[in-house]
Amino acid sequence: MANQPILFASFNQDNSCFAIGTRGGFKIFDCNTGRLLYERAAGAFIIVEMLFSSSLLAIVGAGEQPSLSPRRLCLFNTVTGVALEELNFLTSILAVRMNKKRLIVILQEKTFIYDINSLKILDTIDTVPNPKGLCAFSPSLDGSFLALPASTTKGSLLVYNVSDLRLHCEIDAHRSPLAVLSLSSGGTHIATASEQGTMVRVHLVADATKSYSFRRGSYPSNIFSLSFAPAEERPDILLATSSSGSVHVFSLGSPPHQRSSGLLGSIKVPHTVSDALDPAQHCILHRAVPAGLRSTTLIRKIEKFDETATPEHVVLRATISMITYGGYFLEYVYNVNHQNKSSWTLEREFNLLTAETSSVS
C-alpha cells in the first residue's frame, strides 16, 4: 500500500456519502452526485469514519506527524472545524465503528464499547491478536451486532450484541483464519471469507446457522471487501472484490423467476458437501480494477421490477459503488433479466484526488 495514495476509504451507514483518508488529509463525497462535500488538509489519516450524514467524524492519524498519533481518536465536527473530544489508547487504533448509540474502537488485543453521547466505557472485550483490526458492525439499533475474530488459527468469529452488551453467538465459518467480515445493514446476515479467499460463506446471525456457501474461485486470492445489498431482512445479493481485480456477485436465493429453496440453510452438513450443493448463483465482472489494487465496494441501491414482463426485461438492478486505493471512484449498474442473464455498465468514474469542492461528477 506504500505506493497507493488512498490510506483509508469507507462509506457511511446509509450509503449516502463516503470518506477517504490520504497522506495530505481527508475528504468527504456525496455518493449520489460525486460532489466533494468537505476536505481538510491536515496531514495523513488512516481512519475517517462518518456517523450517517451528520457533521461528526471519528478520525485517526497515521503517525506521520507528531500531532496525529495512531493511538489517538479524535471526534471531529466538520461544521465548526474543531475537535469535540479525544480518546487516547496505549496501542494503535486499528478500526472504529459507530451508530447513533455506540462507538466501537478496535485495538490489536482489545475492543472498547462506548456510549457515543457520554463517551462512557460500557464494555471492554479482550480479543485474540487482531493486527488487521478485522471487525463487522451493523449500525441498526434493532440488530446492533459486532463481529470479531475468535481464533488466529481458524476462521471462527464471535458476535456481540452491543445494545445489550452480551455475547450473542460463536460461528465456525472457515478452516483458515478470517480475512474479511461483513454484516448486513439490518444485522440479520454475516458474510465471511478466509485468508485462502476461495470460499465466501453467509450465516444467519439469529441462530448462527450457515445459509449459503459460495465458491469465488479455485485458486487463492485476497478478498478485500464483502458487501450486502441494503435490506431489512434477507438481502438479495452479496458482493465481493479481490486481488484478482474482479467483482463477484452472489445471489442469496434462487433467480427471481424460480422458486427459492431454503433446504440447505437448515441442514448441518460438512463444508465439503455443502460447498458442492449450495446454489451459488455467481456472476463475475473481470478486470473491474487492476489486479492487486485494493478496493472497497458497496451495493448502494437495489431495485426490483415486474417479473411478468418479457424475458429480456430487467427484474433486478443494483447500483454498485467502488473506491480504489489508487484514487478513483467507479460506479457500475448490474442488471439481471427475466432469463437470469446479467450485464454490467460503467456509469461513472472520476479521480478522488483531484476533485474540488465546487465540482460535480
Side-chain angles (χ1 to χ4, degrees), residues 10-11 13 15 95 97-99 102 104 106 111 113 125 127-128 130 132-151 154-164 166-216 223-242 248-253 262 264-266 268 271 274-275 278 280 296-299 302:
S10 71
F11 294 90
Q13 297 87 344
N15 304 346
R97 298 290 186 270
M98 294 187 288
N99 67 12
R102 297 289 182 260
I104 315 294
I106 311 291
T111 294
I113 302 174
I125 302 169
T127 65
V128 299
N130 183 17
K132 295 181 181 178
L134 293 180
C135 65
F137 184 55
S138 172
S140 169
L141 296 182
D142 295 326
S144 191
F145 292 107
L146 171 70
L148 298 167
S151 171
K154 63 177 183 176
S156 60
L157 58 139
L158 298 170
V159 180
Y160 296 87
N161 184 320
V162 300
S163 294
D164 300 339
R166 61 180 174 83
L167 177 64
H168 175 72
C169 67
E170 181 172 357
I171 297 173
D172 291 322
H174 302 268
R175 296 189 186 93
S176 301
L178 295 168
V180 186
L181 304 169
S182 179
L183 275 156
S184 62
S185 57
T188 58
H189 294 69
I190 187 163
T192 61
S194 75
E195 291 179 352
Q196 283 291 105
T198 54
M199 302 299 304
V200 174
R201 295 195 170 94
V202 177
H203 286 75
L204 285 171
V205 174
D207 54 11
T209 57
K210 181 166 69 70
S211 298
Y212 301 92
S213 189
F214 301 119
R215 180 168 290 281
R216 181 211 57 82
I223 295 185
F224 293 138
S225 68
L226 295 170
S227 171
F228 286 100
E232 287 299 319
E233 297 299 330
R234 180 177 64 82
D236 297 280
I237 56 177
L238 172 70
L239 202 70
T241 62
S242 72
H248 301 257
V249 178
F250 305 103
S251 174
L252 275 66
L264 292 171
S266 59
K268 292 187 178 298
H271 286 329
S274 62
D275 291 346
D278 280 3
T296 297
T297 308
L298 178 84
I299 305 171
I302 196 98

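All residue numbers in this chain count up from 1 along the given sequence. Heavy atoms only: backbone and side chains are in, while hydrogens, waters and symmetry mates are out.
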* Please step through side chain to side chain contact (heavy atoms under 4.5 Å, CB included) for the pair Arg102 and Ile113, ending with a clear verdict. => CA-CA 7 Å; Arg102 297 289 182 260; Ile113 302 174; 3.8 Å; yes
Where [X] and [Y] come nearest, the two heavy atoms and their spacing:
X      : Y      : result
Leu157 : Ala173 : CD2-CB, 4.1 Å
Ala229 : Ile302 : CB-CD1, 4.1 Å
Ala193 : Val200 : CB-CG2, 4.5 Å
Arg234 : Tyr212 : CD-OH, 3.8 Å
Ala208 : Ile171 : CB-CG1, 3.8 Å
Pro149 : Leu178 : CA-CD1, 4.2 Å

Nearest 0.5 angstrom please: [X] [atom1] to [Y] [atom2], how far?
X      : Y      : atom1 : atom2 : value
Leu226 : His248 : CG    : NE2   : 10.5 Å
Leu239 : Leu298 : CG    : CG    : 8.5 Å
Ile104 : Ile125 : CD1   : CD1   : 7.5 Å
Leu204 : Ile190 : CG    : CD1   : 11.5 Å
His174 : Thr198 : NE2   : OG1   : 8.5 Å
Ile223 : Met199 : CD1   : CE    : 9.5 Å

* Kindly determine whether Gln13 and Asn99 satisfy side chain to side chain contact (heavy atoms under 4.5 Å, CB included), including the steps that lead there. => CA-CA 8 Å; Gln13 297 87 344; Asn99 67 12; 5.6 Å; no
* Could you please spell out the steps behind the side chain to side chain contact (heavy atoms under 4.5 Å, CB included) verdict for Phe214 and Val249? => CA-CA 10 Å; Phe214 301 119; Val249 178; over 6 Å; no
* Asked: Heavy-atom distance under 4.5 Å between the side chains of Phe228 and Val202, does that happen here?
  -> yes
* To do: State, yes or no, whether a side-chain contact exists between Arg175 and Ser194 at a heavy-atom distance under 4.5 Å.
  => no
* Asked: For Cys135, what residues pass the side chain to side chain contact (heavy atoms under 4.5 Å, CB included) criterion, not counting sequence neighbours?
  ->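 So Cys135 forms a side chain to side chain contact (heavy atoms under 4.5 Å, CB included) with Ala95, Arg97, Ile106, Leu146, Leu148.
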* With sequence neighbours left out, what residues match Pro177 under side chain to side chain contact (heavy atoms under 4.5 Å, CB included)? ->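 Pro177: side chain to side chain contact (heavy atoms under 4.5 Å, CB included) contacts with Glu195.
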Pair [X]-[Y], side-chain donor/acceptor within less than 3.5 Å:
X      : Y      : result
Thr296 : Ser225 : no
Asp207 : Thr209 : yes
His203 : Thr192 : no

* Examine distances only and state if a side-chain atom of Arg216 and a backbone atom of Gly197 form a donor-acceptor pair shorter than 3.5 Å. =>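 Yes.
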* Does Ser185 reach the main-chain N or O of Ala231 with its side chain, forming a donor-acceptor pair under 3.5 Å? ->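 Indeed, once roles are kept as given, a pair shorter than 3.5 Å links the two residues.
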* Candidates Leu134, Thr111, Leu158 - the one meeting side-chain contact (heavy atoms from CB on, under 4.5 Å) with Thr127 -> Thr111
* **Any residue meeting salt bridge (charged side-chain N to carboxylate O under 4.0 Å, His left out) with Asp164, in chain and number order, not counting sequence neighbours** => Arg166
* Asked: What is the ring orientation for Phe145 with His168, classed by angle as parallel under 30°, tilted 30 to 60°, or perpendicular over 60°?
  ->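 Rings of Phe145 and His168: tilted, as their planes differ by 30° to 60°.
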